[in-house]
Chemist: 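Here it is: the structure, laid out below.
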Amino acid sequence: MTTVTGERIRLEFPAESDPRWAALVARDKSADGQFCYSVATTGVYCRPSCPSRLANPRNVRFHATPAEAEAAGFRPCLRCEPNGTSPAERNAGKVASACRLIEAAEEMPALAELAEAAGLSSFHFHRVFKTVTGLTPKAYASAHRTKRVQDELKRSATVTEAIYDAGFNSNSRFYEKSAGMLGMTPTGYRAGGAGTEIRFALAESSLGSVLVAATGKGVCAILLGDDPEILLRDIQDRFPEARLIGGDEGFENTVARVIGFVEAPALGLDLPLDVRGTVFQQRVWQALREIPVGSTASYADIASRIGSPKSVRAVARACAANALAVAIPCHRVVRSDGGLSGYRWGVERKQALLTREGSA
């Protein structure tokens, strides 16, 4: 096929008009397993993500399966091994094994120990682990231990029982870390925040009412809505036994900074956050915080980024569970077709946030 652009004439080959060509050019790892391609001049076939030099499209043919490529007389590439497990799948397996080691250990295993078990250098293992899970090994260990402690505190008859069931071999070791894990005392967490002080204040913004709440660890909630009473009930439901204290003058400064951030997200929010969630939720929320201001990503994009491409619905649920509006920018997640989907605080607010970020 011939394309004429001004005075330039360019030949287009069949491979270029095939939608799979774009995946090949992009070295799209998510396309691995969906098809493979062969190169007539080399006699080999590869997976789409093969890092070898891009072939001339006139020599490229696409095949649905490795068997089809081999039936056509091509041999598998020794670099990307298209007829075996993909590098991404192998890495995912190594990371999954590392996660099991972390979960089974009382103390966080040394990075070198995890890397050796995976058969990788420490640097490469750290990079692969974060690519697959969205968290560093240390952050994953912290999130897992926090979730385990939370679950045991809800299930066990006593705090002591929960401590040992969560994998701690001594009370002192647990209490050294409990404040960072829970944002409150273990007894307070079991009682729905009993004895815990949570400062809060209500304010108004161009997006309606805003409730800002914080524990001693950092801002734990930024809630948006039309009715301040509903926002107040929301924070009360989260911590039914906590001591909710109206913000003093110092806290009002925190609220003012949050409101400024809501009005101009591009400025960023330089405040500590008390982020609580499951390991999966934290992976999703971290991926959301990496979406640049003025950009969007689909739920499928986020699922792929955290190494779980089939968990699109779980990603949507994690977005819905987010209690830190704008600070964890779930408003930047859209449908695959670019359309706005549901937003916990209203689609109109989502549109308004995206519009002002796009302008910035």
Side-chain angles (χ1 to χ4, degrees), residues 134-135 139 180 183 197-236 238-239 244-277 281-297 301-302 305 315 318-334 340-360:
L135 299 171
E197 292 186 354
I198 297 180
R199 297 189 179 278
F200 78 95
L202 288 157
E204 293 297 318
S205 73
S206 61
L207 297 180
S209 299
V210 181
L211 184 146
V212 181
T215 64
K217 185 178 179 181
V219 177
C220 62
I222 301 174
L223 310 179
L224 307 177
D226 298 316
D227 188 339
E229 289 298 323
I230 292 177
L231 299 183
L232 185 56
R233 285 201 296 271
D234 189 339
I235 200 67
Q236 289 172 330
R238 289 176 178 276
F239 301 100
L244 296 177
I245 304 173
D248 54 19
E249 185 176 343
F251 190 70
E252 293 298 333
N253 179 56
T254 296
V255 175
R257 292 168 68 181
V258 171
I259 296 299
F261 175 59
V262 170
E263 299 295 348
L267 297 178
L269 181 64
D270 185 21
L271 286 173
L273 301 179
D274 184 354
V275 182
R276 306 176 187 190
Q281 286 173 335
Q282 292 205 37
R283 287 165 59 194
V284 172
W285 296 339
Q286 181 58 39
L288 299 187
R289 297 177 75 180
E290 293 171 359
I291 303 174
V293 174
S295 301
T296 59
D301 290 336
I302 298 300
R305 290 182 193 182
V315 167
C319 290
N322 171 34
L324 285 158
V326 190
I328 296 177
C330 52
H331 61 277
R332 295 177 192 158
V333 186
V334 298
L340 300 186
S341 55
Y343 183 52
R344 177 175 178 173
W345 295 286
V347 175
E348 295 80 5
R349 288 188 178 89
K350 184 172 189 172
Q351 182 63 73
L353 285 167
L354 291 176
T355 298
R356 65 182 57 174
E357 289 185 1
S359 299

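Values below: all heavy atoms of this structure, side chains included; hydrogens, waters and symmetry mates excluded.
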Chemist: CG of L211 to CG of L202: how many Å apart, nearest 0.5 Å?
Modeler: 4.5 Å
Chemist: Determine, step by step, whether R356 and S206 satisfy the side-chain hydrogen bond (donor to acceptor under 3.5 Å, both in side chains) criterion, reporting the C-alpha distance in whole Å, the side-chain angles of both residues, the deciding distance to 0.1 Å, and the verdict.
Modeler: CA-CA 11 Å; R356 65 182 57 174; S206 61; 3.0 Å; yes
Chemist: List the steps, then state whether side chain to side chain contact (heavy atoms under 4.5 Å, CB included) holds for R332 with L353.
Modeler: CA-CA 9 Å; R332 295 177 192 158; L353 285 167; over 6 Å; no
Chemist: Stepwise, does the side-chain hydrogen bond (donor to acceptor under 3.5 Å, both in side chains) test hold for Q282 with Q286?
Modeler: CA-CA 6 Å; Q282 292 205 37; Q286 181 58 39; over 6 Å; no
Chemist: Using modelled atom types only, decide if a donor and an acceptor are shared between the side chain of K217 and the backbone of P272 within a distance under 3.5 Å.
Modeler: no
Chemist: How long is the straight-line distance from CD1 of I230 back to CD1 of I235, given to the nearest 0.5 Å?
Modeler: 14.5 Å
Chemist: Once you round to the nearest 0.5 Å, how far does CG of L232 lie from CG of L223?
Modeler: 10.0 Å
Chemist: So, for A318 and W285, which heavy atoms are closest and what is the spacing to 0.1 Å?
Modeler: O-NE1, 2.9 Å
Chemist: Which heavy atom of L324 sits nearest to which heavy atom of C220, and what is that distance?
Modeler: CD2-C, 3.8 Å
Chemist: Would you give the length of the straight line joining atom NZ of K350 to atom OG1 of T296, rounded to the nearest 0.5 angstrom?
Modeler: 9.5 Å
Chemist: State, to 0.1 Å, how close R199 and F251 come at their nearest heavy-atom pair, and which atoms those are.
Modeler: O-CZ, 3.6 Å
Chemist: If every non-hydrogen atom of A287 is compared with every non-hydrogen atom of I302, which pair is closest and at what distance?
Modeler: CB-CG2, 4.1 Å
Chemist: Show me the pairs that pass side chain to side chain donor-acceptor pair (under 3.5 Å) and involve residues 318-331, at least two apart or across chains.
Modeler: H331-E357
Chemist: Does a side-chain heavy-atom distance below 4.5 Å link V275 with Q281?
Modeler: no
Chemist: Any idea which heavy atoms bring E204 and P228 closest together, and the distance?
Modeler: OE2-CG, 4.3 Å
Chemist: Looking only at non-hydrogen atoms, find the nearest pair between P329 and L288 and report the distance.
Modeler: CG-O, 3.2 Å
Chemist: Has the side chain of S295 got a donor or acceptor atom that lies under 3.5 Å from a matching backbone atom of I291?
Modeler: no
Chemist: Taking side-chain contact (heavy atoms from CB on, under 4.5 Å) as the criterion, tell me which of L269, L271, I259, I328 meets it with I222.
Modeler: L269
Chemist: For the atom pair CD (E229) and OG (S209), what is the distance rounded to the nearest 0.5 Å?
Modeler: 10.0 Å
